[in-house]
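In this text, all values refer to a predicted model and were calculated from it rather than measured experimentally.
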Amino acid sequence: MLKKALFGAVALLALVGHAQAEDPKEFRVGIIGGENEADRLRNFQCLGDKLKTELGVEKVSFFPAADYDGVIQGLLGGTLDYAELGASGFAKIYLADPKAVEPILTTVQTDGSTGYYSIMVARKDSGITKLEDLKGKKLGFADPDSTSGYLVPLVTLPESIGAPVKEYFGETGFGGGHENLVLEVMKGTFDAGTTFGSGVGEWKDGYTSGNLHKMVEKGILDMNDVVEIWKSPLIPNGPVVIRSSMDDAMKAKFKQFMLDLPKTDAACFSAIQGGDFTSFIEVNADFYKPIIDARKATIGG
């Protein structure tokens with residue numbers, strides 16, 4: 001029932017400080033962990049001058065957190081204005097304070113879908129080709145607040161393996177974000193690990209978007225060196241969220257700016273999203289209710 005419902009549809013605070021909830025002179029962008037900080041900042045930098053002009057602010061500040069929870073706590077504390085989250089990260093915020101942020105947009109894949117997949121990979125030279133080969137071995141997850149890297153495998157893998165995750169695998173652990181998780185699999189720290197991808201396009205490219213695609217583009221992963229062991233059901237693409245207490249006029253300006261971005265600056269849109277997408281589409285909290293319910297029933301807030 002839970003699996004059916006699921007697919008039916010703080011370091012950062014120290015950096016931000018005790019900023020006022022409303023500062024029209026500054027727009028604060030939270031960037032979740034998952035790949036190294038320099039890459040994340042570079043990908044988002046294209047938004048800086050554009051947002052200053054469109055929103056009429058004096059400064060756009062970027063706050064890359066070491067992990068997912070850094071941005072989550074910043075949003076809960078009202079010290080961030082905008083962030084791009086996974087569905088489980090949004091669910092954690094919603095369960096703590098449903099009025100803290102508003103999900104306004106999500107991405108559309110090149111095939112028209114609004115979802116992606118949790119993908120389990122192993123080293124090709126390990127001899128592991130199927131889930132049965134992993135019984136008693138070590139499985140790595142990306143981050144406790146990752147949808148594809150933890151929540152979805154936790155909920156859906158038991159049906160495929162016929163047992164709870166912690167009973168089937170000899171050991172589980174976290175890799176410290178998606179990029180690092182895959183690198184740890186390649187080093188042999190884990191026998192396999194869960195990351196994410198669009199599931200659309202060519203395997204050699206790491207699909208059209210997602211962590212595998214970004215790693216291939218950066219030259220730190222050759223898809224010929226890994227094999228796909230398991231792929232989840234479709235997961236709702238994560239939301240663009242904004243601080244609920246933001247001025248309504250600012251909200252409207254920001255939302256329109258983001259909706260226009262795929263056309264006004266396709267390269268910037270691709271950079272911040274980590275691959276090829278066609279556009280944004282409007283969403284609200286109802287779009288993520290299955291994920292909220294799944295998180296509440298399994299790992300909680």
Test side-chain contact (heavy atoms from CB on, under 4.5 Å) applied to Ile31 and Val71, step by step: CA-CA 7 Å; Ile31 308 175; Val71 167; 5.5 Å; no

Of all the heavy-atom pairs spanning [X] and [Y], show the shortest one and how long it is.
X      : Y      : value
Val29  : Val60  : CG2-CG1, 4.1 Å
Tyr207 : Ser198 : CB-OG, 3.5 Å
Met258 : Phe280 : O-CD1, 3.0 Å
Val121 : Ile229 : C-CG1, 4.3 Å
Phe141 : Leu181 : O-CD2, 3.5 Å
Cys46  : Ile272 : SG-CG2, 4.3 Å

Nearest 0.5 angstrom please: [X] [atom1] to [Y] [atom2], how far?
X      : Y      : atom1 : atom2 : value
Glu102 : Arg243 : CD    : CZ    : 10.5 Å
Tyr94  : Leu76  : OH    : CG    : 13.5 Å
Ser118 : Leu154 : OG    : CG    : 11.0 Å
Asp276 : Asp111 : CG    : CG    : 12.0 Å
Lys124 : Asn224 : NZ    : CG    : 5.5 Å
Tyr117 : Thr195 : OH    : OG1   : 15.5 Å

Shared hydrophobic cluster for Val226 and Val200 (ILVMFWY, side-chain gaps under 4.5 Å):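 Looking at the clustering, Val200 is in a separate group from Val226.
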
same_hphob_cluster(Leu234, Leu212) at 4.5 Å side-chain heavy-atom cutoff: yes

Heavy-atom side-chain proximity of [X] to [Y] below 4.5 angstrom:
X      : Y      : result
Arg123 : Met186 : yes
Lys92  : Asp69  : yes
Lys59  : Ser61  : yes
Ile32  : Leu85  : yes
Pro236 : Tyr288 : yes
Ile291 : Phe90  : no
Thr208 : His213 : no
Phe257 : Thr53  : no

Using atom types as modelled and distance alone, determine if a side-chain donor or acceptor of [X] lies under 3.5 Å from a backbone N or O of [Y].
X      : Y      : answer
Thr79  : Gly74  : yes
Asn180 : Gly175 : yes
Thr147 : Ser88  : yes
Ser113 : Gln109 : no
Asp293 : Lys296 : no
Glu84  : Gly238 : no
Tyr168 : Leu131 : yes

[X]/[Y] ion pair, N-O < 4.0 Å:
X      : Y      : value
Arg28  : Asp81  : yes
Asp39  : Arg42  : yes
Asp145 : Arg295 : yes
Asp133 : Lys130 : yes

Partner of Glu179 by salt bridge (Lys or Arg N to Asp or Glu O under 4.0 Å), out of Arg40, Lys214, Lys218: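 Looking at Arg40, Lys214, Lys218, the match for Glu179 under the salt bridge (Lys or Arg N to Asp or Glu O under 4.0 Å) is Lys218.
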
CA sep, side-chain torsions, deciding dist, call: Leu51, Val57, side-chain contact (heavy atoms from CB on, under 4.5 Å): CA-CA 8 Å; Leu51 284 173; Val57 294; 5.6 Å; no

Atom [atom1] of [X] with >12 non-hydrogen neighbours under 6.0 angstrom:
X      : atom1 : value
Lys231 : NZ    : yes
Lys251 : NZ    : yes
Leu95  : CG    : yes
Phe277 : CZ    : yes

Steps toward side-chain contact (heavy atoms from CB on, under 4.5 Å) verdict (Leu139, Met120): CA-CA 9 Å; Leu139 176 66; Met120 185 187 296; 3.9 Å; yes

Check against side-chain contact (heavy atoms from CB on, under 4.5 Å), Lys50 and Thr264: CA-CA 10 Å; Lys50 295 178 183 297; Thr264 59; 5.8 Å; no

Parallel, tilted or perpendicular, as decided by the 30° and 60° cut-offs, for the rings of Tyr82 and Phe44: tilted

Does the side chain of [X] pick up a donor-acceptor pair with the side chain of [Y] at under 3.5 Å?
X      : Y      : result
Thr107 : Asn237 : yes
Gln256 : Glu54  : no
Ser146 : His178 : yes

Of Phe196, Tyr68, Phe174, the residue whose pairing with Tyr150 passes ring pair (Phe, Tyr, Trp, His ring centres under 6.0 Å): Phe174

